[in-house]
Structures are given as structure tokens and as C-alpha cells.
There are 2 protein chains.
Amino acid sequence: MDVRVSLKDVAAHAGVSIKTVSNVVNNYQHVTPAMRERVQRSIDALGYRPNLAARHLRKGRTGIIALALPELGNPYFAELAAAVIDAATRHEYIVLLDHTGGRREQEILVSQGFRARVIDGLILSPIELEAEDLRDRPENVPLVLLGERDYDLPYDHIAIDNVAAARDAVRHLVGLGRREVAFIGARRGRSEPAQLRVRGWREELRAAGLSADDGLVAATDGWGHADGAAAMARILDSGRRPDAVFAYNDPMAIGAMRVLHARGLRVPEDVAVVGFDDVVEGRFGAVTLTSVSPDKEAIGRLAVESVLARLGGQAPEPRRVRAEYRLVGRESTLGHHPADDGVNGASGANSADSAHG
Amino acid sequence: MDVRVSLKDVAAHAGVSIKTVSNVVNNYQHVTPAMRERVQRSIDALGYRPNLAARHLRKGRTGIIALALPELGNPYFAELAAAVIDAATRHEYIVLLDHTGGRREQEILVSQGFRARVIDGLILSPIELEAEDLRDRPENVPLVLLGERDYDLPYDHIAIDNVAAARDAVRHLVGLGRREVAFIGARRGRSEPAQLRVRGWREELRAAGLSADDGLVAATDGWGHADGAAAMARILDSGRRPDAVFAYNDPMAIGAMRVLHARGLRVPEDVAVVGFDDVVEGRFGAVTLTSVSPDKEAIGRLAVESVLARLGGQAPEPRRVRAEYRLVGRESTLGHHPADDGVNGASGANSADSAHG
DNA sequence: CCACGACTGTATAACGTTGTAAAACCAGGG
DNA sequence: CCCTGGTTTTACAACGTTATACAGTCGTGG
């Protein structure tokens, strides 16, 4: 079936003009019910399906948006991708996925549209990209930015309030009596203002009258389990003995917990740990992980809506959209709850919960 | 920049015909160096970039292949997606990602091309799809199947030898002296032959003269951490007390370990656990996870090559390609190695290693 | 009964690219 | 000087769709 049937074939079959078939396909209003039915019958009979390439050529739109993420291995991005795909599907848009590895080179290529040249719009979650890299990119493809990096540029940006979220996490730890809170996952060789989570960590510690010296910050190259483990090991090897750790994301927090466990330190009794992103994995370790939980579904939805809003050449004022988040308290800060084995739906969210926009 | 410049504009600027510009762009051979340079200069001056929609319409190809996976949240699929994207990029192809949730309805839609109608080929990893669902799908879009499901249909299929891999895993457990090996993650209400991993589990147990009765098999609806946890809890609640567990995949194995831990059972002393897929997460828990490790990079590469090989209407004989795998032994079967905290690169692979094609 | 709108349907021309076939060009030999 | 044969360039059609502008059709009111 479905060898290749065009409007012309359907028109011949129904004995009408090509445009009339097109009108039926596109639900054009001035078509009599009788005619509509006749044409529809031919469409069904022949199994006609519109050729999108031709439609795109004619309309100048492709119906495709690109989503460029640092890496899919991190479940946060995978779940975010799922949210974007679902949101796009609701608008009859298709998502083309790309990954940059968080490398500036790749991020530039993507932002310039060199990797995918068939797209109507682009959603990009940059890691190393700098503001200057976005100066002269093609104007006809709208761009929406996601994530922690904050640029002073005329593009929409969707993110949670990273500084506030980091402060909440640290406040949670301080409220539990912790006095020496390490940060794992600063970016190597970057000015701090770019690092909203470090900034929140520092601000909250200072506000509490606690130390936030450089010995408590571990910079890393990557953002995976192994990087978190290495950073944790480095802090312990330096002789510091923090009683709490705030990690840039969940995989790093889990990597850090692995090292703590291997060295005989108990979580949370000796060291409390808070992660970021609330990935599923954190809910099923031997010690479940307290984490900042961004509303991924909302972020995906808002990103898609922002891109689509800019399609018709309309250019609404660039806006910074704040998605909501919650701090979800689990065993890595609150200790073990005997009944919780992950089988019950609620699986570990509890009193530390707090919602923010 | 880059408002919208076509071959016509370049031709006018260079004072030649449209086709000549096209010839230069496509590296057609009969173009004098002088002419080539003159045209190239105009191309650069105007910043011309080919319109892919038009090219696609003309050539009947889009340069896009679709990859449809059950879910991105499972890191195995995320890593597989990354491998496919990289392989496709090497062939100057772009990947359009879709997820089916493992639901038959969605899988049918995808296989019929209803979700993405701009693609040259499709790579699909089915879960619930049945052979009959593929009977009459569009012939002009080549399909390659991935994963455990094995159909007797004329499509390429890329997978590891699931039966052999499962037997290796069980043999590993039996070799360690385990006598009661449970299987977690059978499919509810399906005939067993479709379930290669259950079959391997059963075959190997029988070959060892051990029991493989139904009380040791836990069927599940989904394939995530929570499903594994629930299945493990169900087995324990039934009064059975297996000394080993083989799970359909790593997330389920990790969910099961969470339940074992919550109930005071030690891994591996009381219960040894083996997973499947070797996701990163398994290498950083309090107890690292022994797992079957498929060569994801090869699977992604082979899948892309298979699809592209069938593009020109050429139809090579459908083939079943076996990718390689290894069984990677870690703490969940072999016990704790004091020095291993995940910081060192090798991170836990050891004597249980064995490679297979 | 004719003219006038409002409503339906149709022919034609694009969109930007590439394949085909034919035209223009250029040496070299008769 | 013209013809021949090969190379380079060009004109034109086509891919399948939608927008535009026009031609019918039909009911209604003067």
C-alpha cells in the first residue's frame, strides 16, 4: 500500500480540481458537505497522505523544532526531552533531538543551525556557550534557552529560580544543624556570576553566618556520577570533613554518596546530601536522595509554547519565564523511614517539601 | 543576516544561470575552476544556504530518520539514542526522536508513519507491538527493529543474543552457589516465547537441575524502578526466599535492591542480584550492580547503517544482526571491594567479565 | 426578469531545487 | 573556413503543495 499518491491522483479519482482536494484536506470553510464527502471518500480510497516536503516548501514552515541538550545520559535531560516531545506533539509539531555534550563548539554549531537546517525553531540548553556566541545567528529561526546559564540577550529563557532553589536547599541543611556545607560541581575556570547555584549556596551560608570558603567548593569538568565521586574524594582527601554536601545535580550527588559509603561515612548521620533535578534514580538508592525538583513538564511546555509564539515573524518582547520547583526531602537529609521501600506511590516526599515559583 | 537567499539570487549576483550555481553547490564535475570560483564568491558574499525543503521535494529524500523508543527516562534508551544520533550524524543524517511509552497503540502509529511523516527511514524498539501490526505498513519507508522482541518478519533486526545473555547471567549466579534464582520483569499476560530473557533464565536453571517454577517469576506492567521494587516485594510477601534475582533491566534490579535493603536483606550475602543493560546508575549505588552490558554504540551504528542501506529502494535480504555483549561482574554478586569508590576509571568490572557476540 | 451579492469550485502561478536535453563554446583536423 | 566531437553552460520541466485571482452557481431583491 501507499506507493505514492498525490493530490493530483485524488483529484482525478474524485473528478474535481486539485485545489478542491487541497481545500478538503485543509478544512477550508467554503466546501459543501456533499463535495467534502465525495472528496474524502477518494482520499480514503487511495490512502492519500500529504507530502510534507512539498507543503513545507510552499508554506516556508517545516513543522519541526529542534531540541539541543547537553547529554541524554543524564535522566533529567531525558525526562525533559520527553516533556518537550509531548508538548510539541500537542501542537502537531515534531521534535528533532540533538546533543551537544555541553561543548561550546557544538553549542555554537547548533545555535547557528548548522546541524539541523530544516527547523522552524530551536530550544537550546547551553552549558559552555557564551553570550557573544549568539550575537549573529540567523534571525529567521527563533531560539529559546533553557537551564541555569543566564544571558543578557533578547531571547526567551525558561528556568527555575536557581539562586532561590539553591538557597532553599542550603537553608534546609542549615536548619537541620549542619554547619559545614560543601558544594560539588562548580564549573572549572569560570567567573562565578554565571553559576547561579554556587551563588545561592554562598549567599545562604553567609546569611547564616557560616563559612563558604573555596576549600568547600569542588570544581569539575563533567556533570556525571564519576565527576561527583571524584569531587567528593578530592574534598575528603584535602582533609576537610563537611557535615553536608550540596551537589550541582543528582548524578553527582549519587556519585558523592558512593564515595562517602565506600569510606565508611554514613548518610545522613555523618554527612547529609542534597541533589538537584530530582531524577527517578534518586528515589531508589539504599539511601534516597533529597533534591530540588523542577517542574519538568512545565519547562518543556513553556519552551515549546515560547518557540511557537515567535514563529510567524511575530516578535513578542523577550521574556524570562520562571518555572516552579519544590525541595523534596528524603533519607539523605532526614534519615531512614523503616516503612519506605519505594513500593508505595508517594515514595519518600515528606515534610521538607516546599513549593516555589 | 541570512534573510532568505536562493539559487536565483546567487545566479543573478554572479551573472550565470541557476543550474550552474546548483552545479557548483553539488560539486558537479563539468565546471571550470574559474567559473567555480566566481560562483563560490557570490555564494559566500550572499551567505547562501540550500533550502532543504525544496531539495527534499525534488529528490524525494528528507535526510531524516526517526528513532522511536519506549521511554527516554530509562538511561539505556537515552544512551542508545545518543549512539544513534552520533552514527546518523556521521552519515549526514538527522534524527527525529519519538517515544511510545511501550504502548502498542503508539507503536502502531509510529510504525505506520503517522507521527512523523517526513522521514526516510525508521528505527523502532517495540515492546507491545505484535507481528500482525506490521503486516501492511508503507513500503517506501524502511524499518529496522531493535530490542528483545523477535518477529518472524522481513525486517532487519538488531539485538544481542538475549537468550544466551540471560543464560550467562544465570550461570554466573549458579556458579556462585545460588540455588533459587527469581526472575523479575516478565510481561503480564504474554506467551513466553516472546520473552527471550525469561526463556534463557528457565533454560539455564533447568540445565543446572534447579527449579524454575512460576512462583519465582514476577510479571510487571512497566519496566521502571518502581515496578522492580513492587515485584520484589511481591515475591518476598509470597513467602519465597530466593538467594538470587535476575531482573529484566537495571532500573528494575535497582528497585529490587532497594526493597531488599529496606527489609534488612543484604546484597549479595543474602540475595545476589544481576541486572541487564549496564546503565551508569548501576555503577554508583551503595552496592554496585552486576549486569549484562550490550554494546550500545554498535547497536546504534548497525541500526543506522541498516536503515540507510535500504534507502534507494534497494532491498537487501532482511537480516538478523547480533551485537556483542559482556557480563560485567560487580558487588551485587561478588561482594564489596574496599578500594572501589567509583573514582577510578575501571570502576568495578572484574573477573566475571566475559564477551560474546 | 435582470442584476447583484454571497458562496463554491477551478486554472494558474508560485515555493527552490535538480534532471534532462539541448545549446553554446572551443580546439583541432580536413 | 567549416565541420566534428567533446566539454561547459543553459533553458525548461518537474517534484506536490497552497495562494491568488477568477469563473461559475444560486438565491434574493428590485
Between [Y] and [X], is the closest basic N to carboxylate O distance under 4.0 Å?
X: A:Glu92; Y: A:Arg61; result: no
X: A:Arg137; Y: A:Glu107; result: no
X: B:Arg135; Y: B:Glu130; result: no

Report which part of the nucleic acid [X] touches: base, sugar-phosphate, or nothing (heavy-atom distance under 4.0 Å, all strands).
X: B:Val16; result: sugar-phosphate
X: A:Ser22; result: base
X: A:Thr20; result: base
X: B:Asn23; result: base

Whole angstrom is fine here: how far is it from [atom1] in [X] over to [atom2] in [N]?
X: B:Asn26; N: C:dG16; atom1: CG; atom2: C1'; answer: 13 Å
X: A:Arg36; N: C:dT8; atom1: CZ; atom2: C1'; answer: 12 Å
X: A:Asn51; N: C:dT17; atom1: CG; atom2: C1'; answer: 14 Å
X: A:His56; N: D:dT17; atom1: NE2; atom2: P; answer: 11 Å
X: B:Met35; N: D:dT7; atom1: CE; atom2: C1'; answer: 13 Å
X: B:His30; N: C:dC26; atom1: NE2; atom2: P; answer: 17 Å
X: B:Leu7; N: D:dT10; atom1: CG; atom2: P; answer: 13 Å
X: B:Arg38; N: D:dT8; atom1: CZ; atom2: C1'; answer: 13 Å

Query raised in the report: Only one of B:Leu302, B:Ile299, B:Leu124 clears side-chain contact (heavy atoms from CB on, under 4.5 Å) with B:Leu146; which?
Result: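 Result: among B:Leu302, B:Ile299, B:Leu124, B:Ile299 is the only option passing the side-chain contact (heavy atoms from CB on, under 4.5 Å) with B:Leu146.
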Between [N] and [X], is there an OP1 or OP2 to side-chain N/O distance shorter than 4.0 Å?
X: A:Tyr28; N: D:dT20; result: no
X: A:Arg55; N: D:dT18; result: yes
X: A:Ser17; N: C:dT10; result: yes

Query raised in the report: With no hydrogens and no angle check, is any side-chain donor or acceptor of A:Arg310 less than 3.5 Å from a backbone partner on A:Leu143?
Result: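 No; zero donor-acceptor contacts below 3.5 Å.
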Requested in this report: Between B:Lys19 and A:Pro50, name the one whose nearest nucleotide on DNA chain D is closer to the 5' end.
Outcome: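 Whichever sits nearer the 5' end wins; that is B:Lys19.
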**Report entry** Upstream residue (5' side of DNA chain D) when A:Leu52 and B:Gln29 are each assigned their closest nucleotide
**Finding:**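 Of the two residues, B:Gln29 wins.
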Which of the following nucleotides, [options], is nearest to the side chain of [X]?
X: B:Leu57; options: C:dT8, D:dT9, D:dC15; result: D:dC15
X: A:Ala54; options: D:dT17, C:dT18, D:dT8; result: D:dT17
X: B:Val31; options: D:dT9, D:dT17, C:dG16; result: D:dT9

Query - Note, B:Val95 side chain near B:Ile65 side chain (heavy atom, < 4.5 Å) - result: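 The answer is yes, as the side chains (C-beta and beyond) meet within the 4.5 Å cut-off.
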**Report entry** Donor/acceptor link under 3.5 angstrom from B:Arg58 side chain onto base of C:dT17
**Finding:**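 Between C:dT17 and B:Arg58, which were checked side chain against base, a qualifying N/O pair under 3.5 Å is absent.
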